[in-house]
There are 2 protein chains.
Amino acid sequence: MPRDTLSSDQIVEAAIALLDEEGLGGLNMRALGKRLGSAATAVYWHVGSKDNLITLAGDRVWSELTLPEAPAGPDGWRAAAEALAVGVHAMLTRHPWLVQAFGAHLMFGPAKARHDDYILALHENAGFTPAEADQASAALLTFVLGNALGPAAQAALTRKLAREGDGDAEARLAEGMAQAREVASVHPRLRARLEAESGTDYGAAPQDTFTFGLHALLDGLAARLATTRR
Amino acid sequence: MPRDTLSSDQIVEAAIALLDEEGLGGLNMRALGKRLGSAATAVYWHVGSKDNLITLAGDRVWSELTLPEAPAGPDGWRAAAEALAVGVHAMLTRHPWLVQAFGAHLMFGPAKARHDDYILALHENAGFTPAEADQASAALLTFVLGNALGPAAQAALTRKLAREGDGDAEARLAEGMAQAREVASVHPRLRARLEAESGTDYGAAPQDTFTFGLHALLDGLAARLATTRR
DNA sequence: GGGGCGAATTGAACGGCGTACAAGTCCCTG
DNA sequence: CAGGGACTTGTACGCCGTTCAATTCGCCCC
């Protein structure tokens, strides 16, 4: 028999796989148990509760991010900060459920702590005062998180429609989109947007939107930094 | 008897009250029915499903925002944009559940559409190209949303601990915070932050963090605007 | 090698949830 | 007054997170 005793690592791994495939709403203990070849309740001995498991999974995902050896010096700040933000953005794109979990579970573990400390150090090394470094780091992070909310909702909705499965997975989605378009079409600018990019789905534009906003934010922070350094 | 027939307005109002008091996880159809003096299932005739109800509630809340009569001209852009962002931030503070709903429900209704169109017009009037106006509006909005995630999680956690109610509502919270501090204390910068503001709760700092980041973002957008106008 | 003990797993069960549905009640119109 | 649509109700189903007593497994010591 291939079945050995479970480990929390195995469980967290399986949970992440399930979350990536089925979304936050698709993770439930019975499905997780089946995936692990165990009874659903075996998980509880290792992780205590579903909330705990989600926190564990979130921190594990957060540890995917690779941090350069030493925080960049005063001049490398901007490139390093941008790279960091892009990395987090990519992570949230890979794991859309994470941003939903962030809104409901107060996730903070060793990997997140390491990451936070790194960003803080990066900003202090660049010349920000400690208080400014704190706020600048938070601004960067919350901007990235906010950008992930839309795609997360999109993914959740798509999955829900697919799971209802009354045969017409895409039909319902199209219907909902059409309804949204109808609501939007009352307003001139929104209608113009809709006509401009008629065939675009929700997932295409945000990438450009993200880099545009990120660059603007970095510009603003760089300006602060310039006045602080003087 | 004070019982009359329900209206969807009544239902949405009661749902918002329940959401504000108990959080997103505290809204359930039986409790809502009890609050309305009806059977739980009576709600379904009016709003169809819980998802629908949440979307309705979200749009109703979004309509709380008052938009100045006409979008500001080229010079008033910055003040108007800041005021708008601050207004949305305040709204999300009043209704922390809304940002959670945004991550799971793709909320888009008439009030949100009106608001989006208004912001778009504001940016176009200021001199942004349509494409830039789109991205700048989105950047502003996602930044505000991202800032609301932390407090939302905090509120959700507090409520959950209170509802478990094993007598020690604050004890568990303090325990969790202490645990987080222990994790954080391995890293020098985080430890410094903890020692600096030892008695601060999660809700105090974010306000300053929000205005700091917002100003930086607005600065960056203003710089874009300057180059575009020329 | 056998006995024992803690680690790990199991299946049944509980209470709460969203919601479908058939049956009922109310009220307005012709 | 008869009919029919608007509206409400109670019951029930299936899924969920979690608890718990009972059971099995694996290792260490005598």
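A, B, ... follow the sequence lines: proteins, then strands. Residue 1 opens every chain. Quick note: numbers below take in every heavy atom, side chains included, and nothing from hydrogens, waters or symmetry partners. Owing to the predicted nature of the structure, the values given are computational and were not obtained by experimental measurement.
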_Looking at A/R189, I want to see if its CZ is surrounded by more than 12 non-hydrogen atoms of other residues, nucleotides or ligands under 6.0 Å._
yes

*Rounded to the nearest angstrom, tell me the gap between atom OH in A/Y44 and atom P in C/dA12.*
17 Å

*Whole-Å distance between C/dA8 C1' and A/I11 CD1?*
11 Å

*So which nucleotide from D/dT19, D/dT8, D/dG10 ends up closest to the side chain of B/T41?*
D/dG10

*Do you know which of B/F108, B/W62, B/W97 makes ring pair (Phe, Tyr, Trp, His ring centres under 6.0 Å) with B/F102?*
B/W62

*Looking only at side-chain atoms of B/R30, point me to the closest of D/dT8, D/dG17, D/dA12.*
D/dA12

*B/L6 CG to D/dT9 P: how many Å, rounded?*
8 Å

*Ignoring backbone atoms, establish whether A/H46 has a side-chain N or O less than 4.0 Å from OP1 or OP2 of C/dA7.*
no

*asked:* Tell me the interatomic distance from B/I54, atom CD1, to C/dC17, atom C1', rounded to whole angstroms.
replied: 13 Å

_By nearest heavy atom, map B/W45 and A/G48 onto DNA chain D; which one lands nearer the 5' end?_
B/W45

*Using the side-chain hydrogen bond (donor to acceptor under 3.5 Å, both in side chains) rule, pick out the option among A/T55, A/D51, A/N52 that qualifies with A/H105.*
A/D51

*Once you round it to whole Å, what is the distance between P of C/dG16 and CG of B/L32?*
18 Å

*Just how far, in rounded Å, is P of D/dG10 from NZ of B/K34?*
12 Å

*5′-ward residue of the pair A/A40/B/M29 relative to DNA chain C*: A/A40

*Any ion pair linking A/R35 and A/E21 (charged N to carboxylate O, less than 4.0 Å)?*
yes

*Of all the choices, C/dC17, D/dT9, D/dT18, which nucleotide is nearest to the side chain of B/N28 once you look at every atom?*
C/dC17

*Which listed nucleotide (D/dT18, D/dA12, C/dT9) is nearest to the side chain of A/A42?*
C/dT9

*Quick one: B/E22 CD to C/dC17 C1', roughly how many Å, whole number?*
16 Å

*Nearest to the side chain of B/A39 - D/dG10, D/dG17, C/dC17?*
D/dG10

*With respect to the side chain of B/K50, which nucleotide from C/dG18, C/dT9, D/dG17 is positioned closest?*
C/dG18

*Reckon A/L27 touches a base, only the sugar-phosphate, or nothing at all at heavy-atom distances under 4.0 Å?*
sugar-phosphate

*asked:* Side chains of B/D117 and A/V186, heavy atoms from C-beta outward: is any pair under 4.5 Å?
replied: no

